[in-house]
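Counting starts at 1 for both ligands and their atoms, in listed order. The figures here come from the full heavy-atom set of this structure, side chains too, leaving out hydrogens, waters and symmetry mates.
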Amino acid sequence: MKTRTRFAPSPTGYVHIGNIRSALFPYLLAKQNKGTFILRIEDTDQNRFVADAEAIILDTLRWLGLQWDEGVEVGGPFGPYRQTERRDHYIKWAEKLIKKGLAYADPYTPEEVQKFRQAAEKAKKPFLYRNHRPENPPKWELGMPLRFKQTKIERKYWHDEIMGDLEAGAETLDDFILIKADGLPTYNFAHIVDDAEMECTHVTRGIEYISSMANYLALYEALGLKPPIFVHMPHVMAPSGNKKLGKRDGAKSVQEYRAEGYLPEAMLNFLVMLGWNDGTTTDIFSLDDMVKQFDLTRVQRAGARFDEKRLLWLNGQWIRRTDIAKLFNYAKDFWGENGQKATDERKLEVLAGVQERLKTLGDLPTLTEYFFTTPKIDLSMITDNKFLSRFSKDELITMLEVATLKLKTTEWQTDSLQEALNQLLTETARKPAELFSLLRIAVSYAPFSPELPRTFAVLGQAESLARLQATMDALHA
Ligand code: GLU
């Protein structure tokens with residue numbers, strides 16, 4: 001059978017790390033089996049609906065390169081792919097159940113149900129709706145909640161590709177709602193209908209759904225459907241490791257990471273390694289590598305800890321590995337005020353100069369503005385510097401003078417610049433932290449910059465020497 005997997009997000013707000021991992025796993029499963037990856041929008045919960053959330057989901061998936069083969073916007077043989085547009089499908093399946101005596105109208109008001117619940121709590125018993133099943137329910141019609149009727153109260157057994165062989169007791173089976181009073185199906189019902197109609201072979205989702213598995217299995221049986229392969233993914237855990245990752249644990253939405261200058265490659269690499277490795281020490285995986293290597297049997301059952309430092313490290317790695325033309329494209333909206341105005345040719349040169357040093361594209365202005373405009377001289381950056389504060393102004397000027405003399409006759413290329421700088425260390429009898437810090441600050445007045453030879457090379461000889469001179473003049477004044 002051809003592999004068909006799906007990502008079925010609810011448009012309820014921002015896209016988080018955990019959400020997007022729920023897209024990556026089915027994407028990889030589909031791709032490694034030359035199957036189909038489907039995107040279905042589960043928008044039946046009108047209370048949680050957020051207007052632009054769907055657009056954000058689509059945009060995020062495209063940015064990450066997780067293009068779906070079938071689903072919203074691209075279409076396919078089993079559309080529509082937005083649940084609110086599939087109401088008649090759910091009604092059709094609901095009527096089948098009613099006919100078989102496996103679904104019934106819920107005659108109670110929410111207040112009445114609440115009373116049952118309270119009574120159960122008082123008696124210290126778990127609340128089960130099926131204990132209050134009405135004897136003669138009214139004929140169901142749209143506007144009334146429709147419930148599933150559990151007829152086989154028994155223990156359920158099933159297999160999960162990550163979690164292994166599982167079971168759940170009959171006490172977890174209940175008469176859950178299939179169609180709500182607003183006429184829309186619940187997730188519990190809709191996803192089963194859709195997965196069946198869309199011929200999904202795998203259900204890949206968060207572990208929070210595992211507690212409902214007994215109910216789902218009962219419904220598959222009632223509908224006469226063969227259950228798909230289940231893949232429940234462990235939680236992404238907070239950095240502390242003892243609870244599920246939440247907004248308060250510092251995890252930003254994927255859009256925020258994107259806006260800070262994280263690369264999609266780094267994001268995907270980070271996501272795949274949340275609870276998975278390929279059995280070696282390799283930690284850099286492109287999407288193609290993942291398609292080749294990813295293997296569900298190697299996904300940890302325990303939750304994987306969210307470690308933002310690791311994401312930052314991966315981002316630096318990916319910035320270095322990314323082809324300069326592609327990086328230039330990613331960097332488009334990240335330049336500082338003066339960088340933005342420069343020609344593409346100049347920007348490309350500067351970008352190549354700082355590529356090794358960038359951790360996020362958000363660092364671009366700090367790391368590059370001084371290439372595009374003469375920096376404002378701030379002598380305190382020299383006089384307060386921990387390596388330079390012990391020198392008198394005259395000593396600083398002498399260092400700059402000696403350096404200037406040498407650099408005037410140096411061939412302006414990183415190799416020869418490196419060599420000249422090394423010779424200068426001997427000639428001035430200064431340590432690298434001293435001489436190089438001074439030169440670096442004098443040409444950039446930036447908190448950090450690329451290696452000195454590179455900085456000089458990108459600035460050009462005339463500009464570099466002019467800046468050294470300007471600092472000497474300022475120190476003289
Ligand atoms: N709409 C569900 C969610 O966003 C999807 C769960 C599933 O993949 O079946 O959590």
Taking the ring of [Y] and the ring of [X], is the distance between their centroids below 6.0 Å?
| X | Y | result |
| --- | --- | --- |
| Tyr216 | His191 | yes |
| Tyr330 | Tyr262 | no |
| Phe189 | Trp93 | no |

For [atom], the protein heavy atom that lies nearest, with its residue and separation:
| atom | result |
| --- | --- |
| atom 7 (C) of ligand 1 | Tyr187 OH, 3.2 Å |
| atom 8 (O) of ligand 1 | Arg6 NH1, 2.7 Å |
| atom 10 (O) of ligand 1 | Tyr209 OH, 2.8 Å |

Say whether Glu42, considering both its backbone and side-chain N or O atoms, lies within less than 3.5 Å of an N or O atom on ligand 1.
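Right, the criterion is met.
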
To which of Ala8, Cys200, Ala23 does the heavy atom nearest atom 5 (C) of ligand 1 belong?
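Checking each option, the heavy atom nearest atom 5 (C) of ligand 1 is found in Ala8.
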
Just checking, Arg357 and Phe448: is the charged tip under 6.0 Å from the six-membered ring centre and within 45° of the axis?
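No - Arg357 does not lie over the ring of Phe448 by the 6.0 Å and 45° rule.
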
Pi-cation contact, Phe25 with Arg21 (under 6.0 Å, within 45°)
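The answer is yes, since Arg21 meets both limits relative to Phe25.
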
Can a salt bridge be assigned to the pair Glu356 and Arg454 using a cut-off of 4.0 Å between side-chain N and carboxylate O?
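Salt bridge between Glu356 and Arg454, a charged N being under 4.0 Å from a carboxylate O: no.
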
Considering the heavy atoms of Ser10, write down every atom of ligand 1 situated less than 4.0 Å from one of them.
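Every atom of ligand 1 under 4.0 Å from some heavy atom of Ser10: 1 (N), 2 (C), 3 (C), 4 (O).
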
If you measure from each non-hydrogen atom of Thr204 to ligand 1, which part falls under 4.0 Å: side chain, backbone, both or neither?
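For Thr204, only backbone atoms sit under 4.0 Å from ligand 1.
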
